[in-house]
Amino acid sequence: MANPIVLIPARMNSTRLPGKPLADIHGAPMIVHVWRRAMEADVGPVWVAADDPRVIEAVAAAGGKAVMTRFDHPSGSDRIFEALGAVDAAGVHDVVVNVQGDLPTIEGSLVRACLAPLADDDVDIATLATPITRDEEKDDPNVVKAVATELDPTRLRALYFTRARAPWGEGRLLHHIGLYAYRREALRRFVAAPPSPLERREKLEQLRALEAGMRVDIALVDTAPLGVDAPEDLERARRMLAPGKQA
């Protein structure tokens, strides 16, 4: 786990917010905000994997690095796998961190936290979750829940991910944060596998890994970054990132 690389997939053709990577947030495109925060994590080189030359130009103008990928990838994982082959064909980096391009408020500490479970050699993929504190999120299908068994107070082993309220009964519910750290071979295996039945049913690609028998561990963190999926999310991000405010 000595040499991570951070890849940020950016797709222009968002159904609910077209042109999302270039959405302006206080004078900078959203993808540039994400790139800056990934750089602040300081875990390794950061590349944006884009499907549009305008995104590459925006990242380059901010001083970042970006690589062009196919526009028709079915998922961000497929996009970063193509990018990995382009920017690290020699296989120098053994861990690949996938930071979604619509997380402009992501903190560098969360990127670093996602790497921690890979200290265990048995873990294929690491991800994040935080306890749900708002009642309205418990039954919100857009808030993905992680069902997991506790290994220690800060780490769990994932058993399932779902859009439903789960598990049943008293106790905390966990909001899954879609940030992943893959062992390089695990990423290759993941993208080579076809979409699984539960993945198609829940529309959650991480279920492909579990159905393929891969081990996914979760680092617990205190807060979830804002994911920008719709115009109202973009406005919230602008408020959170207003000059003088903390995300």
Side-chain angles (χ1 to χ4, degrees), residues 6-9 16 34 37-38 41 75-77 80 96-118 120 123-169 171-183 186-187 190 195-230 233 236-237 247:
V6 180
L7 297 174
I8 306 170
R16 298 176 68 190
V34 180
R37 288 174 174 264
S75 73
S77 300
I80 67 165
V96 184
V97 183
N98 179 356
V99 177
Q100 293 185 21
D102 58 2
L103 299 176
T105 70
I106 187 79
E107 297 177 7
S109 60
L110 296 188
V111 179
R112 293 190 294 272
C114 195
L115 291 168
L118 294 182
D120 183 336
V123 177
D124 297 299
I125 303 170
T127 190
L128 302 174
T130 190
I132 293 175
T133 58
R134 300 166 61 191
D135 285 342
E136 60 267 28
E137 292 185 349
K138 294 178 180 178
D139 293 298
D140 184 346
N142 295 312
V143 176
V144 177
K145 288 79 180 177
V147 180
T149 186
E150 185 174 302
L151 302 176
D152 64 46
T154 62
R155 185 164 66 99
L156 307 99
R157 181 172 182 176
L159 303 175
Y160 193 62
F161 297 93
T162 180
R163 296 183 183 276
R165 179 193 287 236
W168 182 256
R172 70 182 178 185
L173 299 177
L174 296 176
H175 177 178
H176 175 236
I177 300 167
L179 189 154
Y180 301 92
Y182 297 85
R183 296 193 192 281
L187 178 61
F190 179 86
S196 68
L198 287 172
E199 173 189 1
R200 292 195 298 267
R201 180 168 177 171
E202 292 258 20
K203 295 182 172 58
L204 296 173
E205 67 172 334
Q206 61 269 40
L207 292 173
R208 187 190 318 176
L210 293 181
E211 289 197 83
M214 302 173 77
R215 177 166 167 178
V216 181
D217 275 20
I218 299 169
L220 281 180
V221 295
D222 293 333
T223 59
L226 172 65
V228 176
D229 296 313
D233 300 324
R236 186 178 170 200

- Item | Atom of Asn98, atom of Pro9 and distance for their closest heavy-atom approach | OD1-CD, 3.2 Å

- Could you go through the side-chain contact (heavy atoms from CB on, under 4.5 Å) check for Val221 and Thr223 one step at a time? CA-CA 6 Å; Val221 295; Thr223 59; 6.0 Å; no

- Task: Report yes or no: does Arg208 contribute a side-chain atom to a donor-acceptor pair with the main-chain N or O of Leu198 at less than 3.5 Å?
- Result: no

- Item | For Glu202 against Phe161, the heavy-atom pair lying closest together | OE2-O, 3.8 Å

- Is there a side-chain contact (heavy atoms from CB on, under 4.5 Å) between Leu226 and Arg236 once you walk through the steps? CA-CA 8 Å; Leu226 172 65; Arg236 186 178 170 200; 3.5 Å; yes

- Query: Does the side chain of Tyr160 come under 3.5 Å of the side chain of Gln206 through a donor N or O and an acceptor N or O?
  - Reply: no

- Task: Mind checking the CD1-CZ spacing from Ile132 to Arg165? Nearest 0.5 Å is all I need.
- Result: 8.5 Å

- Atom pair CE/CD1 of Met214 and Ile125 - distance to nearest 0.5 Å: 4.0 Å

- Message: In the structure I gave you, are the side-chain heavy atoms of Pro131 and Leu173 within less than 4.5 Å of one another anywhere?
- Response: no

- Message: Please check this pair: side chain of Arg215 against backbone of Asp124, looking for a donor-acceptor N/O pair closer than 3.5 Å.
- Response: no

- Message: Quick check on side chain to side chain contact (heavy atoms under 4.5 Å, CB included): which of Thr127, Val144, Ile218, Thr130 does Ile177 satisfy it with?
- Response: Thr130

- Heavy atoms only: give me the nearest Ala230-Arg16 pair and the separation to one decimal. CB-NH2, 3.4 Å

- Where is the tightest heavy-atom contact between Pro104 and Ala237, given as atom of each residue plus distance? CG-CB, 4.1 Å

- For residues Pro141 and Arg163, report the shortest heavy-atom separation together with the two atoms involved. O-NH1, 3.0 Å

- Task: Taking only Lys NZ, Arg NE, NH1 and NH2, and the carboxylate oxygens of Asp or Glu, determine whether Lys145 and Glu137 approach each other closer than 4.0 Å.
- Result: no

- Message: Within the 3.5 Å criterion, strictly below it, is a donor on Tyr180 or Ser77 matched to an acceptor on the partner's side chain?
- Response: no

- Hey, could you give me the CZ/CG distance between Arg157 and Asp120, rounded to the nearest 0.5 Å? 9.0 Å

- Starting at OG1 of Thr105, measure out to CZ of Arg37 and round the result to the nearest 0.5 Å. 6.5 Å

- How long is the gap from OG1 on Thr162 to CZ on Arg201, to the nearest 0.5 Å? 9.0 Å

- Item | Asp229 side chain reached by Asn142 side chain, heavy atoms, under 4.5 Å | no

- Message: Run Lys138 and Asp140 through salt bridge (charged side-chain N to carboxylate O under 4.0 Å, His left out) and show every step you take.
- Response: CA-CA 6 Å; Lys138 294 178 180 178; Asp140 184 346; over 6 Å; no

- Message: Quick check for you: to the nearest 0.5 Å, what is the distance between Leu128 atom CG and Asp217 atom CG?
- Response: 12.0 Å

- Message: One pair to check against side-chain contact (heavy atoms from CB on, under 4.5 Å): Leu156 and Leu220. What are the steps and the verdict?
- Response: CA-CA 8 Å; Leu156 307 99; Leu220 281 180; 3.3 Å; yes

- Task: Step by step, work out the side-chain contact (heavy atoms from CB on, under 4.5 Å) result for Leu7 and Val97.
- Result: CA-CA 6 Å; Leu7 297 174; Val97 183; over 6 Å; no

- Would a 4.5 Å heavy-atom cut-off, applied to side chains only, mark Glu211 and Pro197 as touching? yes

- Query: Of all heavy-atom pairs between Leu118 and Arg183, which one has the smallest distance, and what is that distance?
  - Reply: O-NH2, 2.8 Å

- Would you find more than 12 non-hydrogen atoms of other residues, nucleotides or ligands less than 6.0 Å from Asp222 atom CG? no

